[in-house]
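Each chain gets a letter, A, B and so on, in the order its sequence line appears, and its residues count up from 1.
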2 protein chains.
Amino acid sequence: MSAPTTGPGGIDALIQLLAKMPGLGPRSARRAVLHLLKRRESLMEPLARALKETADAIKTCSVCHNIDTVDPCAICTDPKRNRSQICVVEEVGDLWAMDRVVGFRGLYHVLGGTLSALDGVGPQDLHIASLVERAKHVGVTEVILATNATVDGQTTAHYIADRLSDTQATISGLAHGVPMGGELDYLDEGTLATALKARKPI
Amino acid sequence: MSAPTTGPGGIDALIQLLAKMPGLGPRSARRAVLHLLKRRESLMEPLARALKETADAIKTCSVCHNIDTVDPCAICTDPKRNRSQICVVEEVGDLWAMDRVVGFRGLYHVLGGTLSALDGVGPQDLHIASLVERAKHVGVTEVILATNATVDGQTTAHYIADRLSDTQATISGLAHGVPMGGELDYLDEGTLATALKARKPI
């Protein structure tokens, strides 16, 4: 792919930028650019505008640390949400998964990562202090710790549960077990052992 | 995926636009947007700018019908190119493939499609007349017909060869045969029969 470029930089620069997106390589970026060039008015210009406007407008929510174009974010100001539940997640992507895919309709709190001794990430590097403040509010009855089921994620959940122990809110975590559609034969032993320990009467 | 949106339109509109790109669906578009939001200055803003500038600048080359930000295109004006060869392709994507991947260093001519009785595409709908004009120039010694190896592509190649029969230029076509790395067992019979007929002494 070291062949000389076709154009005077414009189209090639665009291909190179698009190739940096997750899921697109040089080849698919080239196909994407061709697709865009053929749909200049219906796709290319609206996309350029949407990117510019979003890039100019995005902010981190000062309450829950979600990314949005308004601060506080649309979730924090949504009057229809159940304000007694706060779901704690590691990253904004996890919030989107809980919100759009699962449809959880409480409030959220984005930590911005996990505690990690190896990477030198301590409690002061995450949005934990602000979570403790939020959990002290009278209306909050439950804090759901939805960190990843990794060692760091679970360590972080335990640390937060400790820090929240003197609030009135119930602290809960996501259930672990066999994923829906999962075949026992392909599961790692950790998951299987957890699922067995947490077995339930049917 | 019909869950209510998280933001007031900005981020969601961007996800929906990105999901229209080839190779990206709703899920990967969401991942792409998260990736962009985290790289606002290094990727999102440059991408918005590159899209806008390219959308504003792209033109169709009046000589070869390539897409570029200048007219005539950078290929047609490149003094280092062999101006005696014209490679005829169906679409701009084919030109890119020949130019960037194969590294053909002559000139090109983009037809804009193929003849197709079914779809009502006749010679006047393609850039054939301008090709005939170009082929009449004194310097042109070879016209390489690099249309696709489909029925329509080959029909178009034959038609063009006919139209060019009274020019001085040699008319050639891409070789057909077993693709490099191809296993005979998996090849269609048409390819295999063509490869047998066109066999060469080793």
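The number of heavy-atom neighbours closer than 6.0 Å to CD of B:Gln124, taken from other residues, nucleotides and ligands shown, is above 12.
Taken from CD1 in B:Ile11 to CH2 in A:Trp96, the straight-line distance is 5.0 Å, to the nearest 0.5 Å.
The shortest non-hydrogen separation linking B:Pro22 to A:Leu24 is O-CD2, 4.3 Å. Minimum heavy-atom separation, B:Leu51 to A:Ala48: CB-CB, 3.6 Å. Residues A:Met44 and B:Ala55 share a closest heavy-atom pair of CE-N, 3.7 Å.
Heavy-atom neighbours of chain A within the stretch residues 157-170 of chain B, taken at a separation under 4.5 angstrom, are nonexistent.
For the pair B:Glu91/A:Leu34, no side-chain contact is recorded, criterion being any heavy-atom separation below 4.5 Å from C-beta on.
Residues forming a ring pair (Phe, Tyr, Trp, His ring centres under 6.0 Å) with B:His65 (at least two apart in sequence, or on another chain): B:His109, B:His127.
Of the atoms belonging to A:Arg31, heavy atoms from both backbone and side chain fall under 4.5 Å from chain B. Looking at A:Thr54, the atoms closer than 4.5 Å to chain B (heavy atoms on both sides) sit in the backbone and in the side chain alike.
Listed options A:Arg39, A:Lys38, A:Arg40 were ranked by heavy-atom pairs under 4.5 angstrom with chain B; first place goes to A:Arg40. Options B:Val92, B:Val33, B:Ile58 differ in how many heavy-atom pairs under 4.5 Å they form with chain A, and the most are formed by B:Ile58. Between chain A and the residues B:Glu45, B:Glu53, B:His35, B:Arg49, the largest count of heavy-atom pairs under 4.5 Å involves B:His35.
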